[in-house]
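Both backbone and side-chain heavy atoms feed into the values below; hydrogens, waters and symmetry mates do not. Numbers restart at 1 for each chain; the letters A, B, ... are given by sequence-line order, proteins then strands.
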Amino acid sequence: MEIGDWPTTEAEAVAAQERLRGAADATGPGPGPEEARTVAGVDVAYADSRSGDGEGGGSLLVAAAVVLDVATLEVVEESVHVGTSTFPYLPGLLAFRELPSVRAALDGLTHRPDVLVCDGYGLAHPRRAGLAVHLGVLTGIPCFGVAKTPFVSRFEEPGRERGAWTPLTLDGERVGRALRTRTGVKPVFVSVGSGISEENAAALTLRLTPAYRLPETTRHADHLAGRRLAKELGEPDGPDGPGGPGGPGGPGRAPAAGSA
DNA sequence: GCGACAG
DNA sequence: ATCTTGTCGC
């Protein structure tokens with residue numbers, strides 16, 4: 001979907017997801033830890049989560065995309081996008097709140113990552129159209145989601161050790177895995193978005209969690225977005241003062257308005 | 001009908 | 001998501 005038919009209301013967003021559910025690539029196994037050279041994680045930080053945005057404008061937000069080398073887990077490239085929210089947070093419609101800014105952050109990358117990882121869901125969604133499905137279809141890059149809570153899905157508690165997992169189900173369908181990334185710690189919820197198999201998504205998730213419950217990609221993107229947001233809030237006029245030149249230091253886009 | 005509900 | 005101090009542990 002292009003900017004032209006971007007949903008404005010909840011009803012339009014739901015309809016868009018129902019059309020999207022068939023557009024996802026459910027056949028491609030995509031790359032696993034051995035095939036993928038790079039993986040990009042994306043996340044968004046908000047200055048004001050509650051009012052989000054009203055009818056008039058939107059609150060400040062920062063989207064971040066961080067590319068990691070799968071073999072070494074070292075940061076290859078970073079990109080941030082500073083903008084404003086154009087859609088409120090509504091359960092099941094997170095994609096419409098985060099997609100515009102996430103896309104902008106991804107556009108700032110010079111690398112085209114082999115895989116995309118995002119917070120939230122892919123198929124583990126009421127209409128099988130979570131953020132990872134939207135992002136995978138939009139970019140054409142294999143994408144999956146790793147969420148911290150199961151939302152509407154259900155699962156049996158997996159074994160206590162790292163690597164243990166159980167099926168995530170929704171309406172009697174398999175929608176992902178409850179995967180233990182750290183021994184003795186609550187599991188994460190992995191679900192495919194588009195262009196990658198559940199097996200490869202789970203294998204990559206384990207590859208990306210050598211030390212923490214959440215993937216390094218998510219951690220890096222989360223921290224980058226948070227640091228940049230704090231900087232924006234603390235220095236509204238930038239390090240060079242009012243009217244001064246100097247754009248955003250290093251990687252990063254200039255502030256971009258969300259709407260006219 | 002009301003509440004709960006990825007981030 | 002975001003608001004926040006201390007605390008346990010490598």
Side-chain angles (χ1 to χ4, degrees), chain A residues 10 13-14 16-17 20-21 24 41-54 58-66 80-103 105 116-136 143-155 168-171 175-179 181-194 201 205 210-215 217-234 258:
Chain A
E10 181 169 355
V14 169
Q17 290 188 324
L20 179 72
R21 64 191 304 172
V42 295
D43 193 30
V44 183
Y46 301 90
D48 186 358
S49 62
R50 48 218 153 171
S51 71
D53 57 271
S59 57
L60 185 66
L61 64 75
V62 176
V66 179
V80 296
H81 165 78
V82 180
T84 56
S85 58
T86 58
F87 202 92
Y89 168 69
L90 297 174
L93 299 178
L94 175 68
F96 298 100
R97 179 167 176 71
E98 307 213 325
L99 214 45
S101 56
V102 165
R103 181 185 56 183
L116 250 38
V117 183
C118 60
D119 282 17
Y121 311 126
L123 296 178
H125 176 280
R127 288 171 292 280
R128 309 299 186 273
L131 176 60
V133 175
H134 285 259
L135 211 48
C143 178
F144 67 92
V146 177
K148 295 180 289 296
T149 63
F151 194 17
V152 291
S153 300
R154 286 181 302 192
F155 69 102
L168 241 197
T169 62
L170 181 54
D171 302 322
V175 294
R177 296 182 181 183
L179 175 65
T181 54
R182 304 302 301 166
T183 298
V185 176
K186 282 152 47 81
V188 295
F189 304 89
V190 180
S191 62
V192 164
S194 181
T205 298
Y212 297 94
R213 178 190 177 220
L214 298 178
T217 39
T218 296
R219 289 166 45 73
H220 279 289
D222 183 69
H223 292 160
L224 177 57
R227 292 199 313 264
R228 181 50 182 270
L229 178 60
K231 181 179 180 182
E232 290 295 320
L233 294 174

**Q** Using the ring of Y121(A) (Phe, Tyr or Trp, six-membered ring only), decide whether R128(A) places NZ or CZ under 6.0 Å from its centre and within 45 degrees of its axis.
**A** no
**Q** Provide, to the nearest angstrom, the distance between the CG atom belonging to L214(A) and the P atom belonging to dG7(B).
**A**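 In whole Å, dG7(B) P and L214(A) CG are 9 Å from each other.
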**Q** Looking at K148(A), does any N or O in its side chain come under 4.0 Å of the phosphate oxygens OP1/OP2 on dG7(B)?
**A** yes
**Q** Would you please say whether a donor-acceptor pair under 3.5 Å links the side chains of E98(A) and Y89(A)?
**A**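 Absent: no donor and acceptor within the cut-off.
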**Q** Is the aromatic ring of Y121(A) within stacking range of dA6(B), meaning centres under 5.5 angstrom and planes under 30 degrees?
**A** yes
**Q** For E98(A) and dT2(C), give me the distance from atom CD to atom C1', rounded to whole Å.
**A**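 The answer, rounded to whole Å, is 13 Å.
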**Q** Is the base of dG7(B) stacked against the aromatic ring of Y46(A), taking ring centres under 5.5 Å apart and planes under 30° as the test?
**A**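 One would not call Y46(A) stacked on the dG7(B) base.
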**Q** Rounded to the Å, how far apart are H134(A) NE2 and dA6(B) P?
**A**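 Computing the H134(A):NE2 to dA6(B):P distance gives 16 Å.
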**Q** Between C1' on dC5(B) and CD on E10(A), what's the gap in Å once rounded to a whole number?
**A**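 After rounding, the reported distance stands at 12 Å.
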**Q** Just call it for G92(A): base, sugar-phosphate, or nothing, with non-hydrogen atoms closer than 4.0 Å on any strand.
**A** base
**Q** Nearest of dA6(B), dA1(C), dT2(C) to any side-chain atom of A45(A)?
**A** dT2(C)
**Q** Considering only heavy atoms from C-beta outward, does the side chain of R177(A) approach that of F155(A) to under 4.5 Å?
**A** no
**Q** Can you measure L94(A) atom CG to dA6(B) atom P for me and round it to whole angstrom units?
**A**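 Taking CG of L94(A) and P of dA6(B), I get 9 Å after rounding.
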**Q** Between Y212(A) (OH) and dG9(C) (C1'), how many Å, whole number?
**A**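 So the two atoms are 12 Å apart, to the nearest Å.
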**Q** Provide the closest heavy-atom pair for D119(A) versus L131(A) in the form atom of the first, atom of the second, distance.
**A**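 Heavy atoms of D119(A) and L131(A) come nearest at O-CD2, 3.7 Å.
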**Q** Could you state the atom-to-atom distance from CG of L99(A) to C1' of dG7(B) in whole Å?
**A** 14 Å
**Q** Write down the distance between CZ (F151(A)) and C1' (dA4(B)), rounded to a whole number of angstrom.
**A** 9 Å
**Q** Mind checking L93(A) for me? I need base, sugar-phosphate or nothing, with any heavy atom below 4.0 Å counting as a touch.
**A** base
**Q** Between T205(A) and F144(A), is the side chain to side chain contact (heavy atoms under 4.5 Å, CB included) condition met? List the steps.
**A** CA-CA 9 Å; T205(A) 298; F144(A) 67 92; 3.2 Å; yes
